[in-house]
> 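Please read through the structure below; I'll follow up with questions.
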There are 4 protein chains.
Amino acid sequence: MTKENIFDIAHLAHVELYSPKLEESVEFFREMLGMSEIARQGKSVYMRAYEDHYHNTLILTEHHEAGLGHLSLRATSAQALERRVAQIEKMGYGIGWIDGDVGHGRAYQFNSPDGHLMEVFWDVEYYQAPEDQKTPLLNRPQKRPNRGVPVRRIDHVNLLASETNKNVEFLEEALGFKVRERILAEDKTDIAAWLSVSNLVHDVAIMGDALGEKGRLHHLCYWYGYPQHLSDVSDLLIDSGYEIEVSPIKHGVSQAQCMYVMEPGGNRIELFGDSGYLIFDPDWKTIEWDVKGIDQAILWHGTQLPQEFFTYGTPIRSKELVEK
Amino acid sequence: MTKENIFDIAHLAHVELYSPKLEESVEFFREMLGMSEIARQGKSVYMRAYEDHYHNTLILTEHHEAGLGHLSLRATSAQALERRVAQIEKMGYGIGWIDGDVGHGRAYQFNSPDGHLMEVFWDVEYYQAPEDQKTPLLNRPQKRPNRGVPVRRIDHVNLLASETNKNVEFLEEALGFKVRERILAEDKTDIAAWLSVSNLVHDVAIMGDALGEKGRLHHLCYWYGYPQHLSDVSDLLIDSGYEIEVSPIKHGVSQAQCMYVMEPGGNRIELFGDSGYLIFDPDWKTIEWDVKGIDQAILWHGTQLPQEFFTYGTPIRSKELVEK
Amino acid sequence: MTKENIFDIAHLAHVELYSPKLEESVEFFREMLGMSEIARQGKSVYMRAYEDHYHNTLILTEHHEAGLGHLSLRATSAQALERRVAQIEKMGYGIGWIDGDVGHGRAYQFNSPDGHLMEVFWDVEYYQAPEDQKTPLLNRPQKRPNRGVPVRRIDHVNLLASETNKNVEFLEEALGFKVRERILAEDKTDIAAWLSVSNLVHDVAIMGDALGEKGRLHHLCYWYGYPQHLSDVSDLLIDSGYEIEVSPIKHGVSQAQCMYVMEPGGNRIELFGDSGYLIFDPDWKTIEWDVKGIDQAILWHGTQLPQEFFTYGTPIRSKELVEK
Amino acid sequence: MTKENIFDIAHLAHVELYSPKLEESVEFFREMLGMSEIARQGKSVYMRAYEDHYHNTLILTEHHEAGLGHLSLRATSAQALERRVAQIEKMGYGIGWIDGDVGHGRAYQFNSPDGHLMEVFWDVEYYQAPEDQKTPLLNRPQKRPNRGVPVRRIDHVNLLASETNKNVEFLEEALGFKVRERILAEDKTDIAAWLSVSNLVHDVAIMGDALGEKGRLHHLCYWYGYPQHLSDVSDLLIDSGYEIEVSPIKHGVSQAQCMYVMEPGGNRIELFGDSGYLIFDPDWKTIEWDVKGIDQAILWHGTQLPQEFFTYGTPIRSKELVEK
């Protein structure tokens with residue numbers, strides 16, 4: 001009999017982004033994407049989308065440059081948490097336990113091979129809507145905000161890595177992620193890989209860093225679920241003076257209708273306009289795109305991505321600025 | 001430490017519907033919903049939607065009356081299959097192994113407490129598109145059909161039961177389903193419950209049978225993912241002379257934008273027009289709707305459901321015809 | 001040669017609604033429908049949608065009961081205005097000239113046969129956006145508001161009449177309206193008629209008043225153009241405690257995807273979610289629905305309208321309250 | 001008093017396209033866009049979309065190279081036809097009367113200053129659906145086809161011209177078109193202009209030919225009215241091997257959500273996915289985009305158009321092939 005899947009990680013719980021322009025970043029997520037500020041502590045602001053069930057899914061932290069603070073995964077149980085920690089320690093990537101943060105209990109920190117800071121935890125605090133934010137739609141934790149074109153929930157994070165395959169294998173072996181789709185170079189190494197522990201095509205993606213840098217962020221994605229909202233938020237963003245990097249397109253990989261915009265701190269934010277497709281097969285064979293199919297992997301509908309889409313990440317590195 | 005979730009069932013793999021008008025039923029699914037006939041054997045026709053990855057997800061079988069033939073679940077591994085069979089046998093609901101069917105290997109059959117025939121299996125056959133049906137969109141198993149308003153994949157099945165709670169508890173204990181939402185009567189028993197093993201709000205739902213009958217079907221649901229397609233298929237259905245029971249509405253439960261239509265055999269078919277919401281929290285607290293909130297549970301947007309929605313099921317029973 | 005069409009009326013320019021709860025009505029149009037308050041004068045508040053090009057399209061006037069204040073049509077030229085005034089006077093429905101109102105110059109007032117107050121004018125004031133409301137989308141007079149689910153422009157008005165045909169003929173003969181669709185009773189009189197001077201199916205509709213009252217309003221309609229916004233605004237309205245009378249449906253007449261909601265003053269407001277169809281044929285043969293087709297005329301997609309949809313109008317009359 | 005508008009032309013009635021691959025062109029419009037072949041005569045095939053009310057709106061004629069055969073306008077009355085013919089003759093652009101064609105009666109032919117063949121007529125034949133194509137939706141001339149992603153009606157035609165302004169002025173003076181939007185070069189001449197006689201932003205557009213050629217076609221546009229259909233038809237086109245030139249975008253001019261695809265004969269076809277905006281103001285001030293705003297005029301949402309969009313037209317000219 002074959003090896004069974006690992007079901008110890010449930011999903012991407014939250015992401016911390018660094019911003020050199022904290023208040024402008026907060027304003028972007030609040031006024032454009034309709035997210036709510038839930039708490040402040042130290043140099044960090046804690047935010048959530050209106051269908052996020054936990055206390056927060058986005059932490060914005062003041063920092064001298066943009067980039068990923070950390071990403072946080074929730075285990076499927078207290079026991080699962082212990083199992084994953086043991087495995088991470090065994091693989092030599094562990095850092096150690098922290099007491100917790102605003103919105104969750106003790107968490108175990110570790111690094112990806114490329115140095116992205118990650119954590120995994122079990123105890124979580126749920127968002128409690130104040131009376132005037134409660135909705136009769138009981139499966140929605142609060143009213144739909146009457147501000148911005150409000151995103152519904154966190155979707156996934158996309159990381160740049162100096163060595164793609166090494167980071168992909170780490171997610172598989174340490175955490176039980178499954179590679180759902182990948183783009184292969186001629187030498188069969190990954191140009192990019194999309195991995196998930198859930199029915200989504202990806203909770204985390206890893207793409208090769210064109211600059212060869214370590215530990216950078218390509219983008220964080222929030223979810224709408226309806227294509228119309230991409231058009232609506234585009235109007236709002238343009239009128240408000242934000243830079244849309246990629247207007248609504250459709251990727252072949254994941255079948256996402258989506259768009260990309262830079263938040264004021266410099267981090268790239270993806271907005272996901274439909275449900276793409278979901279994976280229910282427990283024995284899913286990774287979809288492999290090769291050099292021949294790469295154009296349709298990247299753009300199923302859509303004309304052309306700007307060159308910077310393939311080089312720009314945060315922290316911003318001088319090499320690419322010179323290139324531009 | 002609390003008990004861990006069971007991850008042994010992956011999803012709803014296929015459903016068999018009985019039809020007293022087999023060829024008319026096949027035509028409905030092929031011409032209206034764009035599904036494909038893949039095989040015939042005995043009195044059965046095997047069909048699939050264009051984003052279903054397995055050989056088939058719908059079996060239409062000639063029978064003297066409409067209703068559920070059986071529903072079929074896929075285990076998450078060969079080992080998981082054995083574990084579930086042991087548990088079902090222990091609970092006394094087992095029937096026994098069959099050698100398999102068109103599209104899958106050996107399967108274990110059992111009954112729900114209400115007598116709905118179910119099975120669970122591991123070995124599966126994947127759909128292989130003929131050359132002229134292959135698409136460059138590699139995560140899609142075949143081209144989008146140029147016929148009907150094609151549904152993308154099987155979504156869920158909704159069963160009527162004479163004793164709701166007993167059947168809900170069976171799905172929880174025997175198979176590891178989690179109750180995502182429920183509507184409670186004043187005595188705290190379930191009027192209806194929505195259960196899943198995946199990130200969907202429901203792979204299977206159980207509703208109390210208003211006629212007190214055993215083992216009936218309320219509906220089978222296929223998925224579009226885009227609200228526009230409900231409007232498109234409504235045009236097609238009306239022009240083709242089919243009966244739309246419920247035109248596009250939005251349920252509070254599951255946040256589904258959906259509609260209902262009777263296939264020619266008499267079974268109610270739901271079409272799901274968006275992604276509703278997904279559940280990632282491994283410790284999800286069941287959403288409980290009570291009598292006060294029931295109207296919005298049933299219809300979040302939408303005016304009124306016809307009375308038969310609450311009584312009609314298959315097999316059709318004389319009591320309700322008299323009521324009508 | 002046949003008689004030529006009259007091209008003297010361009011479109012419905014604005015509508016005045018009476019409200020016994022003026023500030024609540026203003027809040028509804030501003031916070032739910034994203035309209036802007038442009039001016040106040042006397043007991044009236046002047047408002048506009050963000051793609052209305054004139055100064056205002058809605059006047060809300062404090063009054064002891066809800067209903068139509070007046071509706072206002074713009075002529076296609078100064079000469080066309082004079083021609084229409086001459087014709088109205090000749091037909092005996094004229095009242096006389098007024099000097100103008102906030103946003104337009106001199107206007108000629110008249111009554112419909114049923115007593116609805118109407119006016120026609122030529123000189124108009126265009127909306128001038130303040131600097132912070134200007135958008136680079138030059139064909140849009142201001143930014144899309146970041147508030148409510150903003151309607152784009154005024155669409156049409158629907159009047160109840162004690163004698164349908166007499167009012168329809170008045171619009172044809174006095175103003176050059178063409179009857180685009182009608183529902184005929186068995187005696188061939190109009191149950192309802194939809195008339196336009198533009199490519200829309202209706203700028204004005206006339207429906208028989210089930211209570212036999214004179215001069216009442218059925219509804220005023222604002223336009224979105226996208227079906228998704230009906231779903232979005234439904235969320236907002238329900239969460240904000242407003243009464244949705246009819247959730248998103250599709251009429252056969254005009255092919256409108258639309259919904260109906262009561263504004264706090266009691267007037268029924270329609271929201272139009274797509275473009276329906278347009279009429280370009282200068283020799284259009286009126287679409288005639290008879291008793292057999294009436295169900296699909298009223299609801300092409302959609303289950304059932306509440307009974308009050310066919311009786312409720314403003315001013316509210318005691319007869320129907322008793323009926324309820 | 002100012003001069004009154006001319007209301008003598010109602011709309012664009014049909015367009016003839018030349019195709020060097022007639023049967024492949026017919027197949028494209030029938031299988032991809034769901035249009036119907038209504039008649040054949042000589043080297044021409046007559047087609048229509050399912051909400052076109054006349055006998056046909058597209059004539060495909062076999063020819064040694066692609067391009068515009070002619071475009072045809074319907075007058076608003078028999079008298080209006082005579083008035084326009086007199087004016088065209090007076091301006092020296094007339095050719096003469098023809099007896100008519102399949103689907104319409106006598107017509108007057110003339111050339112644009114750039115040599116595009118045009119005609120205007122009054123007597124028209126309406127489409128009569130066979131019994132099995134009749135729909136209970138009486139304002140729709142036939143059932144929605146169950147084939148392709150069916151376009152609803154003809155929308156507009158876009159012409160390339162060697163001298164933009166001269167052709168724009170001809171449409172204004174000879175036919176009563178109004179310039180709704182224009183893009184101005186620094187010397188205030190038109191780079192492009194969008195003109196209409198209806199409430200649409202354009203029935204006809206004129207763009208400067210980058211190659212300096214005379215009488216070429218940029219594109220013919222058919223209308224969907226729903227953005228989703230652009231995504232649906234993109235799937236179908238890619239899977240069927242057609243070349244999408246521009247995937248779904250949003251123009252600033254006319255606010256169109258649209259896309260462009262080459263039909264097999266080589267002509268560019270636009271598909272219009274929403275209703276854009278409509279113009280009701282009889283005294284509309286032309287929207288003027290200058291060099292500063294040109295990017296947003298061309299693309300409001302959308303990343304970049306391919307270079308050939310600005311040079312390619314039919315007939316195809318060697319100069320641009322060399323450029324490519």
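Letters go in sequence order (proteins before strands), and every chain restarts at 1.
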> Given side chains that start at C-beta, do those of B:L33 and B:V233 come closer than 4.5 Å, heavy atoms only?
yes
> Using the side-chain contact (heavy atoms from CB on, under 4.5 Å) criterion, which residues pair with C:I191? Sequence neighbours excluded.
C:I183, C:A185, C:I294
> Tell me, out of B:L237, B:I238, B:L230, B:V246, who's got the most heavy-atom pairs with chain C below 4.5 Å.
B:I238
> Every donor-acceptor pair from chain B to chain C under 3.5 Å, please, each on its own line.
| from | atom 1 | to | atom 2 | distance (Å) |
| --- | --- | --- | --- | --- |
| B:S231 | O | C:H301 | NE2 | 3.4 |
| B:S231 | OG | C:Q257 | NE2 | 3.3 |
| B:D235 | OD1 | C:W300 | NE1 | 2.7 |
| B:D235 | OD1 | C:H301 | NE2 | 3.0 |
| B:S247 | OG | C:G302 | N | 2.7 |
| B:Q257 | NE2 | C:S231 | OG | 3.3 |
| B:W300 | NE1 | C:D235 | OD1 | 2.7 |
| B:H301 | NE2 | C:S231 | O | 3.4 |
| B:H301 | NE2 | C:D235 | OD1 | 3.0 |
| B:G302 | N | C:S247 | OG | 2.7 |

> Any side-chain heavy-atom pair from C:I287 and C:V201 closer than 4.5 angstrom?
no
> Hey, does C:L271 have a side-chain heavy atom less than 4.5 Å from the side chain of C:C221?
no
> Would B:L217 and B:V15 count as a side chain to side chain contact (heavy atoms under 4.5 Å, CB included) if you check the C-alpha gap in whole Å, the side-chain angles of each, and the deciding distance to 0.1 Å?
CA-CA 11 Å; B:L217 171 74; B:V15 169; 5.8 Å; no
> Check whether any side-chain heavy atom of C:I269 sits under 4.5 Å from a side-chain heavy atom of C:L17, and report yes or no.
yes
> By a 4.5 Å heavy-atom criterion (distance strictly below it), what part of C:P248 contacts chain B: side chain, backbone, both, or neither?
both
> At what distance, to the nearest 0.5 angstrom, does CG of C:L220 lie from CG of C:L159?
10.0 Å
